[in-house]
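Quick notes on the structure that follows.
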Amino acid sequence: MASQAWLVLGLGNPGDGYELTRHNIGFLAADQLAQRMQGRFTLHKPTARQSKSLLFEAQLRLSHPSEAIRLVVAKPQTYMNNSGQTAAALSHYYTIPTDRVIVIHDELDLPWGNFRVKIGGGDNGHNGLRSIRASLKSGEFYRIRVGIGRPTGRIEPIDYVLAKMSKAERNAMPSLLVDVADAVESLILNGLERTQSAFNS
């Protein structure tokens, strides 16, 4: 049923030049979900011009074998600053309310390897969040804020987030992405309070 659907948006920038940059952690988390759920990203054809996204659909099984929650996982192809275009188009197409939208994004104000789950709040200078808030006309969606830390020295934040991850960061990424995927499933199945208690360490 449409009322049981959830939308998960992993934020990032499309194209080989942005692969493995810190700003693309949301894309990597979406890829982890696809691997776990045996999903395959394809262009969203029904409203491809509007949503401009790669997505797959899956089901999260509940305790009863006949019950499941529909899950739509998407990677906006609009570039980060226009992520709201995808959020609005897909939430409208699948009839998903704002409080069933989960956005996974990079967070400068958290140390590398840490992440936090929350609902609502401002955009904290993150252009992807700003675009989504404007397009959905609300900030009351869930966020999984994946820490990338702040740059040291005179490196500008924009240069830092668009730079490739270090070797140490890449090596630590697989286990972090597993935890983020676990948090997505927990948020949908167990709710915010239990998920925060388990993952907001």
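This is a predicted model, so every value here is computed, not measured.
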Report yes if the side chains of [X] and [Y] come closer than 4.5 Å at any heavy-atom pair, otherwise no.
X      : Y      : result
Ile119 : Phe141 : no
Val72  : Leu55  : yes
Val101 : Ile96  : yes
Ile144 : Ile102 : yes
Trp6   : Arg100 : yes
Ser91  : Thr98  : no
Leu129 : Arg143 : yes

Exercise for review: Give the intermediate values and the outcome of side-chain contact (heavy atoms from CB on, under 4.5 Å) for residues Leu54 and Thr42.
Suggested key: CA-CA 5 Å; Leu54 297 175; Thr42 58; 6.0 Å; no

Side-chain heavy atoms under 4.5 angstrom apart, residues restricted to Ile, Leu, Val, Met, Phe, Trp, Tyr: same cluster for [X] and [Y]?
X      : Y      : answer
Leu110 : Leu192 : no
Phe115 : Val178 : no
Phe27  : Val180 : no

Looking at every heavy atom in both [X] and [Y], which two are closest together, and how far apart are they?
X      : Y      : answer
Val117 : Ala183 : CG2-CB, 4.3 Å
Val146 : Leu176 : CG1-CD2, 3.9 Å
Ser83  : Ser131 : N-OG, 3.4 Å
Ala181 : Leu33  : CB-CD2, 3.8 Å
Leu60  : Met37  : CD2-CE, 3.7 Å
Thr86  : Lys52  : OG1-O, 3.4 Å

Nearest 0.5 Å, please: how far is [atom2] in [Y] from [atom1] in [X]?
X      : Y      : atom1 : atom2 : answer
Ile25  : Arg145 : CD1   : CZ    : 13.0 Å
Asn13  : Tyr79  : CG    : OH    : 7.0 Å
Arg194 : Phe199 : CZ    : CZ    : 11.0 Å
Asn127 : Asn82  : CG    : CG    : 9.5 Å
Arg22  : Asp159 : CZ    : CG    : 11.0 Å
Met80  : Asn24  : CE    : CG    : 6.5 Å

Review point. Could Lys75 and Phe41 be counted as a cation-pi pair, given that NZ or CZ must be under 6.0 Å from the ring centre and within 45° of the axis?
Key: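 Yes, Lys75 and Phe41 form such a contact.
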
**Study point:** Six-ring centre of Tyr94, Arg70 cation under 6.0 angstrom, axis tolerance 45°
**Key:**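 No, Arg70 and Tyr94 do not form such a contact.
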
**Study point:** Parallel, tilted or perpendicular: rings of His23 and His126 (30°, 60°)
**Key:**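 Plane angle between 30° and 60°, so tilted.
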
Check your understanding: Arg36 and Asp182: salt bridge (Lys or Arg N to Asp or Glu O under 4.0 Å), yes or no, with the steps?
Key -> CA-CA 10 Å; Arg36 171 177 297 193; Asp182 287 344; 2.8 Å; yes

Exercise for review: Report the residues that fulfil side chain to side chain donor-acceptor pair (under 3.5 Å) with Asp109, sequence neighbours left out, ordered by chain and then residue number.
Suggested key: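 Only Asn124, Arg150 meet the side chain to side chain donor-acceptor pair (under 3.5 Å) criterion with Asp109.
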
Practice item. Count the heavy atoms belonging to other residues, nucleotides or ligands that lie under 6.0 Å from CZ of Arg170, then report whether that count exceeds 12. Key: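 Check passes, neighbour count above 12.
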
Practice item. Output yes when a side-chain donor or acceptor of Glu169 lies under 3.5 Å from a complementary backbone atom of Ser166, and no otherwise. Key: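 Between the backbone of Ser166 and the side chain of Glu169 there is a qualifying donor-acceptor contact (under 3.5 Å).
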
